[in-house]
Asker: 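Sharing a structure below in structure tokens format, with a few things to ask.
Heavy atoms only: backbone and side chains are in, while hydrogens, waters and symmetry mates are out. Note that this is a predicted model, so its numbers are computed, not measured.
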Amino acid sequence: MLVRTNYLSKRYTETDGWKLGPYERDGGYKQAKRALGMKRDDLLTEMRAANIRGRGGAGFPMGVKWGFMPWPPKPEKPHYLVINADEGEPGTFKDRTIMELNPHAVVEGCIIGCFGIGAHAAYIYVRDELHLSKARLWGAIKEARAKGYLGDKPFGLDYPVEVYVHTGAGAYICGEETSLLNSLEGRRGEPRLKPPFPAQAGAFGMPTTVNNLETIATVPLALKLGGEAFSKLSDLHHLKDGGVRLFGVSGHVKTPGVFEAAVGLTLRELVYDLGGGVEHGELLGVIPGGSSCPILRPEETVNAPDAKHVLHPWHGKSVLDVPMGVDTYRALGTMLGTCCAIVLSDKADPVLAFHNLMRFYRHESCGQCTPCREGSAWLNRILTRVVDGKAEMEELDRLHEIANNIMGNTICAFGEGTAMPAMGFIKKFRKELEAFVRPEGQGVDRDARARYFPPSRPAARLATARSGPADPRQEHHEMAASRPSSSQPARSSCWRRPGLHGGRQEPDPRRDGPARHHRRHRGHVPAARRRVPRGDPDPGLRRRGGGALPVRHHAARAERRDRDARTPRGARGSSALGHRPGGRRRPATVGLASAASALQDAEPLRRARSRSVGRELFTEQVVPFQLSGALLLVAVVGAMAVARGKQADPPGAPPPGPCQSRRRSPSPPKEGS
């Protein structure tokens with residue numbers, strides 16, 4: 001049932017609603033002061049009664065999570081509160097609205113949360129792209145500290161609390177709580193094995209609670225209304241899914257955005273009442289809570305004849321009429337996720353949407369788990385063949401087999417978040433996938449749908465990218481001519497990968513420091529170390545070793561090699577094979593008398609050059625290093641000998657004999673000798 005509320009979004013439309021003044025006029029920070037004066041058990045009781053399910057996707061009860069922290073806190077093991085504001089799920093954009101338009105609710109929630117778990121410091125982890133969100137959060141923290149709400153004695157009470165904003169590198173994998181903790185510590189963004197859970201060993205090895213940003217921003221409201229009263233605002237209070245939350249809708253709707261409503265809203269109300277209905281056609285499907293949730297189709301109905309089943313009250317109805325709750329959507333075979341729906345029109349191609357989604361997950365996998373790393377790449381490769389019209393029918397069955405093998409075989413839920421939407425698309429759009437595989441469907445005209453979900457690169461260019469023209473420079477010029485013209489030249493520190501992001505420019509991780517940091521935390525191999533296969537879709541930049549050379553350099557180098565192979569050794573002068581950088585001539589190793597002999601002796605020449613380079617390297621670097629090491633050893637031994645020689649003999653000792661060492665004193669004579 002649609003019940004609009006404005007508890008969290010009241011100040012979204014106010015002028016300077018993100019500042020301290022408007023927030024205090026609505027009773028801001030009163031609940032934080034009240035919480036610091038409560039007993040910890042009383043506060044946990046209120047939070048459990050509020051039935052706040054995690055707003056980040058997992059849906060775990062927040063009050064129960066707070067109770068997992070060891071109590072009482074030990075001085076040698078301080079507790080920490082970490083707020084997950086990474087929000088990297090495609091189609092999700094609710095948390096940034098709170099950070100930008102109501103940041104003081106987050107700060108007040110952090111104060112209450114720190115007291116509830118026994119922590120004195122809270123870290124808000126925000127992805128780097130959200131610059132306005134970070135600025136608004138830091139501004140709210142500064143205002144709260146100046147007013148005495150943060151610091152050594154907030155509100156004059158002896159419970160110090162500090163809040164910090166930590167910038168992430170923009171990796172989707174860091175939305176997983178243990179990957180976030182690794183990134184917070186300055187490590188690579190990879191998930192950890194559990195147990196130990198963060199409540200036992202989290203940030204910096206100390207007990208830690210990780211909460212979603214919307215979850216922590218709801219805490220002051222739940223404490224103000226009372227836990228029981230807050231939970232009863234929901235239509236799913238009997239399922240322990242209470243309160244209000246932010247719902248987002250995007251895609252092919254007339255009015256996309258973020259809306260606040262009581263829990264119990266249906267997908268039909270979200271799409272048609274709040275989203276304004278489907279734009280450009282009829283409803284094809286809805287991804288209910290971010291891209292990792294399996295898709296739902298409007299013609300699906302609920303099959304729950306058992307009276308004890310969670311979905312029995314909606315037996316026989318459309319899945320669009322089921323209230324959006326954590327338990328109800330699990331029973332439907334999907335997930336509520338972040339409660340931000342993505343709407344697909346029937347004019348959109350679900351196969352291209354599927355391909356676009358798998359390309360994202362392949363790119364964002366940290367690569368730690370083999371099933372996820374290899375499986376996501378395998379899914380993307382098969383779908384690329386499907387879109388190109390080169391796949392076979394058995395490969396569609398292989399898609400489901402690969403996705404099924406990923407399920408339950410990875411450290412974190414990222415692998416399952418890749419496999420579940422894949423299996424959903426395969427199951428519910430099998431006919432559309434087969435249309436791309438059958439001979440009569442390989443000529444499908446996708447130009448009319450390209451503006452909805454465009455392929456990674458134009459299909460007409462795929463064959464050229466695989467086979468490659470005879471002259472690589474011709475392909476380079478064709479690619480340059482096909483790109484949109486710009487009044488300004490492209491930066492030299494950017495490179496293009498049309499197969500990755502549809503031709504969008506990205507910072508070059510070999511030259512830009514922040515991009516290199518970004519790649520390191522994503523778990524990707526730097527671009528300079530990747531092996532680029534032949535037929536790369538963008539041969540304008542061929543990565544060789546640690547740098548990038550345009551195609552014209554490689555073509556010129558190939559021409560020089562061909563010319564030198566046809567030219568006799570004596571007529572070459574200082575050719576590419578006859579000299580080395582620095583002007584010193586490399587000793588002649590093999591003489592070539594003619595072009596025929598050059599072709600025959602190409603391999604011996606290469607081997608001889610390698611031996612020559614090895615001898616020079618040994619002579620110029622290894623030998624001096626060995627000599628310097630030997631001289632150093634001789635000097636050390638000599639210094640030790642001199643030091644021993646200067647040691648004073650024992651008083652009264654006779655001078656040593658010819659076979660007696662100066663190091664030991666003569667033993668005294670035995671009695672009777």
Asker: I'd like to know if Glu108 and Arg34 make a salt bridge, using a cut-off of under 4.0 Å between side-chain N and carboxylate O.
Answerer: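 Salt bridge absent between Glu108 and Arg34.
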
Asker: Compare every heavy atom of Ala85 with every heavy atom of Ile124, then report the nearest pair and how far apart it is.
Answerer: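 Where Ile124 meets Ala85 most closely, the heavy atoms are CG2-CB, 4.3 Å.
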
Asker: Quick check on Asp152: does its CG atom have over 12 non-hydrogen neighbours (other residues, nucleotides or ligands) under 6.0 Å away?
Answerer: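 Atom CG in Asp152 is not crowded, with 12 or fewer foreign heavy atoms closer than 6.0 Å.
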
Asker: Determine whether the aromatic ring centres of residues Tyr164 and Tyr123 are separated by less than 6.0 angstrom.
Answerer: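 That pair passes the under 6.0 Å test.
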
Asker: Between Ser133 and Arg136, is a side chain to side chain donor-acceptor pair (under 3.5 Å) present by the stated rule, with each step listed?
Answerer: CA-CA 5 Å; Ser133 300; Arg136 293 280 170 83; over 6 Å; no

Asker: Checking the side chain of Asn303 only, and the main-chain atoms of Gly316 only, is there a donor and an acceptor separated by less than 3.5 Å?
Answerer: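 A pair under 3.5 Å: no.
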
Asker: Could you tell me if Glu176 and Ser179 have a donor-acceptor pair between their side chains, going purely by distance under 3.5 Å?
Answerer: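 Yes, Glu176 and Ser179 have a side-chain donor paired with an acceptor closer than 3.5 Å.
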
Asker: Would you verify whether the NZ or CZ of Arg40 falls within 45 degrees of the ring axis of Trp71 while also being under 6.0 Å from that six-membered ring's centre?
Answerer: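 Yes, Arg40 lies over the aromatic ring of Trp71.
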
Asker: May I have the step-by-step check of side chain to side chain contact (heavy atoms under 4.5 Å, CB included) for Leu221 and Val244, ending in yes or no?
Answerer: CA-CA 10 Å; Leu221 172 61; Val244 300; 4.0 Å; yes

Asker: Hey, is the main chain of Arg192 close enough, under 3.5 Å, to the side chain of Thr178 for a donor-acceptor pair?
Answerer: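 Judged by distance alone, yes, a pair lies under 3.5 Å.
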
Asker: Within a reach of under 6.0 Å around NZ of Lys224, are more than 12 heavy atoms found that belong to other residues, nucleotides or ligands?
Answerer: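 Open.
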
Asker: Mind checking whether Tyr149 and Phe155 have parallel, tilted or perpendicular rings, split at 30° and 60°?
Answerer: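 Rings of Tyr149 and Phe155: parallel, as their planes differ by under 30°.
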
Asker: Are any non-hydrogen side-chain atoms of Trp18 and Asn102 less than 4.5 angstrom apart?
Answerer: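 Trp18 does not reach Asn102 side chain to side chain.
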
Asker: Any donor-acceptor pair under 3.5 Å linking the side-chain atoms of Arg188 with those of Asn182?
Answerer: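 Result is no, nothing qualifies.
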
Asker: Measuring from Asn211:CG to Ile216:CD1, what's the distance to the nearest 0.5 Å?
Answerer: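 Asn211 CG to Ile216 CD1: 4.5 Å, rounded to 0.5 Å.
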
Asker: Specify the closest pair of heavy atoms between Pro198 and Glu177, including all atoms of both residues, with the distance to one decimal.
Answerer: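 Heavy atoms of Pro198 and Glu177 come nearest at CG-OE2, 3.7 Å.
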
Asker: Checking Leu193 against Ile411 for the side chain to side chain contact (heavy atoms under 4.5 Å, CB included) test, could you report, in this order, the C-alpha distance in whole Å, the side-chain angles of both residues, the deciding distance, and whether it holds?
Answerer: CA-CA 6 Å; Leu193 289 171; Ile411 294 176; 3.8 Å; yes

Asker: Between the side chain of Thr410 and the main-chain N/O of Cys372, is any donor-acceptor distance below 3.5 Å?
Answerer: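 Checking the backbone N and O of Cys372 against the side chain of Thr410, no donor-acceptor pair under 3.5 Å is found.
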
Asker: Show your working on ring-ring contact (aromatic ring centres under 6.0 Å, His included) between His120 and Tyr80 and close with a plain yes or no.
Answerer: CA-CA 7 Å; His120 297 280; Tyr80 292 102; 9.8 Å; no

Asker: Under 30°, 30 to 60°, or over 60°: which ring-plane class applies to Phe414 and Tyr361, parallel, tilted or perpendicular?
Answerer: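 Answer is perpendicular, since the angle exceeds 60°.
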
Asker: If I take atom CZ from residue Arg330 and atom CG from residue Leu311, how far apart are they, to the nearest 0.5 angstrom?
Answerer: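 Between Arg330 CZ and Leu311 CG, I get 13.0 Å after rounding to 0.5 Å.
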
Asker: Determine, for Glu24 against Lys147, whether the closest basic-nitrogen to carboxylate-oxygen distance falls under 4.0 angstrom.
Answerer: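 Yes, this pair counts.
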
Asker: Charged N to carboxylate O under 4.0 angstrom, Asp26 versus Arg11?
Answerer: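 Salt bridge between Asp26 and Arg11, a charged N being under 4.0 Å from a carboxylate O: yes.
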
Asker: Give the minimum heavy-atom separation between Gly56 and Thr338, together with the two atoms involved.
Answerer: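 The answer is O-CG2, 3.6 Å.
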
Asker: Taking all non-hydrogen atoms of both residues, which atom of Pro288 and which atom of Leu267 are closest, and how far apart?
Answerer: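 So the minimum-distance heavy-atom pair works out to CB-CD1, 4.4 Å.
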
Asker: Can you find a pair of side-chain heavy atoms, one from Leu265 and one from Met1, that are under 4.5 Å apart?
Answerer: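 In short, these two side chains do not touch, never coming nearer than 4.5 Å.
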
Asker: Quick one: OH on Tyr172 to CZ on Arg127, what's the gap to the nearest 0.5 Å?
Answerer: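 Interatomic distance, Tyr172 OH to Arg127 CZ, rounded to 0.5 Å: 10.5 Å.
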
Asker: Strictly distance-based, threshold 3.5 Å: is any side-chain N or O of Glu300 a donor or acceptor partner for the main-chain N or O of Val319?
Answerer: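 Absent.
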
Asker: On a heavy-atom basis, which atom in Thr97 and which in Phe93 lie closest, and how many Å separate them?
Answerer: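 Heavy-atom minimum between the residues: CG2-O, 3.5 Å.
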
Asker: Keeping Thr215 on the side-chain end and Gly54 on the backbone end, is there a donor-acceptor pair under 3.5 Å?
Answerer: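 No; zero donor-acceptor contacts below 3.5 Å.
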
Asker: What pairs with His312 under ring-ring contact (aromatic ring centres under 6.0 Å, His included), at least two apart in sequence or on another chain?
Answerer: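 His312 satisfies ring-ring contact (aromatic ring centres under 6.0 Å, His included) with no other residue.
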
Asker: Which atom names give the shortest non-hydrogen contact between Leu184 and Tyr125, and what distance separates them?
Answerer: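 Looking at all heavy atoms of both residues, the closest pair is N-CE1, 4.4 Å.
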
Asker: Answer yes or no: is there a side-chain heavy-atom contact under 4.5 Å between Val271 and Val253?
Answerer: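 With C-beta onward as the side chain, the pair touches.
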
Asker: Evaluate the side-chain proximity of Leu233 to Thr5: yes if any heavy-atom separation is below 4.5 Å, no if none is.
Answerer: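 Not touching, per the 4.5 Å side-chain cut-off.
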
Asker: Using residues 42-51 as the side-chain source, report each donor-acceptor pair under 3.5 Å to any protein atom, sequence neighbours left out, with the distance given to one decimal.
Answerer:
{"residue": "Thr45", "atom": "OG1", "partner": "Asp41", "partner atom": "O", "Å": "2.8"}
{"residue": "Glu46", "atom": "OE1", "partner": "Gly227", "partner atom": "N", "Å": "2.8"}
{"residue": "Asn51", "atom": "ND2", "partner": "Ser231", "partner atom": "OG", "Å": "2.9"}

Asker: Could you give the distance from CG (Leu2) to CD (Glu269), rounded to the nearest 0.5 Å?
Answerer: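 These two atoms lie 5.0 Å from each other.
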
Asker: Atom CG in Asp327, atom CG in Leu332: separation rounded to 0.5 Å?
Answerer: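 That separation rounds to 11.5 Å.
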
Asker: Determine whether Leu296 and Lys428 make a side-chain contact, defined as any pair of heavy atoms from C-beta on separated by less than 4.5 Å.
Answerer: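 With C-beta onward as the side chain, the pair touches.
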
Asker: Which is it for Leu130 and Met99 under the side chain to side chain contact (heavy atoms under 4.5 Å, CB included) test, yes or no, and what are the steps along the way?
Answerer: CA-CA 9 Å; Leu130 306 181; Met99 291 186 283; 3.9 Å; yes

Asker: Is a side-chain donor or acceptor of Thr418 paired with a backbone partner of Ser376 at a separation under 3.5 angstrom?
Answerer: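 Judged by distance alone, no pair lies under 3.5 Å.
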
Asker: If only atom types and distance count, is the side chain of Ser183 paired as donor or acceptor with the main-chain N or O of Gly189 below 3.5 Å?
Answerer: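 It does not hold such a pair.
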
Asker: Has the side chain of Ser9 got a donor or acceptor atom that lies under 3.5 Å from a matching backbone atom of Tyr12?
Answerer: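 Answer holds: no.
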
Asker: Indicate yes or no: at least one non-hydrogen side-chain atom of Leu274 is less than 4.5 angstrom from one of Arg4.
Answerer: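 The answer is yes, as the side chains (C-beta and beyond) meet within the 4.5 Å cut-off.
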
Asker: Would you say the side chain of Val107 lies within less than 4.5 Å of the side chain of Leu150, judging by non-hydrogen atoms?
Answerer: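 Touching, per the 4.5 Å side-chain cut-off.
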
Asker: For the NZ atom on Lys194, are there more than 12 heavy atoms of other groups (residues, nucleotides or ligands in this structure) within a distance under 6.0 Å?
Answerer: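 Yes, NZ of Lys194 has more than 12 neighbouring heavy atoms, counting only those of other groups under 6.0 Å.
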
Asker: Any Lys/Arg nitrogen of Asp241 or Arg53 sitting under 4.0 Å from an Asp/Glu carboxylate oxygen of the other?
Answerer: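 Salt bridge flag = no for Arg53 with Asp241.
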
Asker: Only one of Leu81, Leu36, Val161, Leu157 passes side chain to side chain contact (heavy atoms under 4.5 Å, CB included) with Phe115; say which it is.
Answerer: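 Result: among Leu81, Leu36, Val161, Leu157, Leu36 is the only option passing the side chain to side chain contact (heavy atoms under 4.5 Å, CB included) with Phe115.
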
Asker: Between Lys94 and Glu214, is the closest basic N to carboxylate O distance under 4.0 Å?
Answerer: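 Salt bridge: yes.
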
Asker: Check Asp128 with Lys134, please: is the shortest side-chain N to carboxylate O separation under 4.0 Å?
Answerer: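 Yes, charged N to carboxylate O under 4.0 Å.
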
Asker: Do the side chain of Glu260 and the main chain of Tyr7 share a donor and acceptor less than 3.5 angstrom apart?
Answerer: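 The answer is yes, because a donor-acceptor pair under 3.5 Å joins these two groups.
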
Asker: Please step through side chain to side chain contact (heavy atoms under 4.5 Å, CB included) for the pair Leu270 and Val286, ending with a clear verdict.
Answerer: CA-CA 11 Å; Leu270 178 61; Val286 182; over 6 Å; no

Asker: Measure from the side-chain N and O atoms of Thr92 to the backbone N and O of Cys340, and report whether any donor-acceptor pair falls under 3.5 Å.
Answerer: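 The answer is no, because no donor-acceptor pair under 3.5 Å joins these two groups.
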
Asker: Mind checking the CE-CZ spacing from Met324 to Arg268? Nearest 0.5 Å is all I need.
Answerer: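 Nearest 0.5 Å value for the CE-CZ distance: 13.5 Å.
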
Asker: Can you find a pair of side-chain heavy atoms, one from Val165 and one from Val126, that are under 4.5 Å apart?
Answerer: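 With C-beta onward as the side chain, the pair touches.
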
